[in-house]
Novice: 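First the structure, which I've put down as structure tokens, then a few questions once you've had a look.
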Amino acid sequence: MATAYRSGWHFIDLVTAIPHSGDSLMVTVFGEPVVVTRDEDDDVRAYRLLRRPRGAPQPVRCAIRYGMIFVNLDQRDHRLAEPDTPEMTTISATPRSA
């Protein structure tokens with residue numbers, strides 16, 4: 001039996017499906033509507049459409065490999081890694097061998 005996982009990269013379509021700037025493609029990935037669009041700089045971007053009233057589209061990680069479009073819906077991949085200490089401090093110490 002096959003198991004589908006939300007985390008990870010998922011194939012959407014070929015890049016040739018949106019050849020010109022301004023073209024878009026709407027797909028459903030695990031029940032969530034995702035719009036893949038090509039902007040005026042010819043970059044391919046993906047957005048998750050929120051179902052809340054007045055919800056702005058949420059960016060989704062998008063990658064192009066070998067002419068194929070992949071998206072990653074896992075929110076853990078979108079967070080920036082923050083260091084445990086807010087600032088790095090310099091400690092001056094004399095080595096034991098001195």
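Everything numeric here is computed off the predicted structure, so don't read it as measured data.
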Novice: When you group the ILVMFWY residues by side-chain heavy-atom contacts below 4.5 Å and let the links chain together, are Ile69 and Tyr47 in the same group?
Specialist: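 Not linked; separate clusters.
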Novice: To the nearest 0.5 Å, tell me how far Arg48 CZ sits from Leu73 CG.
Specialist: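 Answer for the CZ-CG pair, Arg48 versus Leu73, is 5.0 Å.
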Novice: With a 4.5 Å limit on heavy-atom distance, are the side chains of Arg38 and Val15 in contact?
Specialist: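 Yes, their side chains come closer than 4.5 Å.
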Novice: Sequence neighbours excluded, which residues qualify as salt bridge (Lys or Arg N to Asp or Glu O under 4.0 Å) partners of Asp13?
Specialist: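 None.
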Novice: Are Ile18 and Thr37 close enough that some pair of their side-chain heavy atoms sits under 4.5 Å apart?
Specialist: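 With C-beta onward as the side chain, the pair stays apart.
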Novice: Restricting to side-chain contact (heavy atoms from CB on, under 4.5 Å), what partner residues turn up for Ser21, sequence neighbours left out?
Specialist: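 Listed in chain order: Asp42.
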Novice: What pairs with Met26 under side-chain contact (heavy atoms from CB on, under 4.5 Å), at least two apart in sequence or on another chain?
Specialist: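 Partners of Met26 by the side-chain contact (heavy atoms from CB on, under 4.5 Å) criterion, ordered by chain and then number, come out as Pro33, Val35, Leu49.
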Novice: Listed by chain and number, what are the side-chain contact (heavy atoms from CB on, under 4.5 Å) partners of Val27, not counting sequence neighbours?
Specialist: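 Counting only residues at least two positions away or on another chain, Val27 forms a side-chain contact (heavy atoms from CB on, under 4.5 Å) with Ile12, Leu25, Val29, Val34.
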Novice: Could I get the full list of salt bridge (Lys or Arg N to Asp or Glu O under 4.0 Å) partners for Asp43, not counting sequence neighbours?
Specialist: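 For Asp43 the salt bridge (Lys or Arg N to Asp or Glu O under 4.0 Å) partners, ignoring immediate neighbours, are Arg45.
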Novice: If you define the side chain from C-beta out and look only at heavy atoms, does anything of Trp9 sit under 4.5 Å from Arg65?
Specialist: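 Contact flag for Trp9/Arg65 side chains = no.
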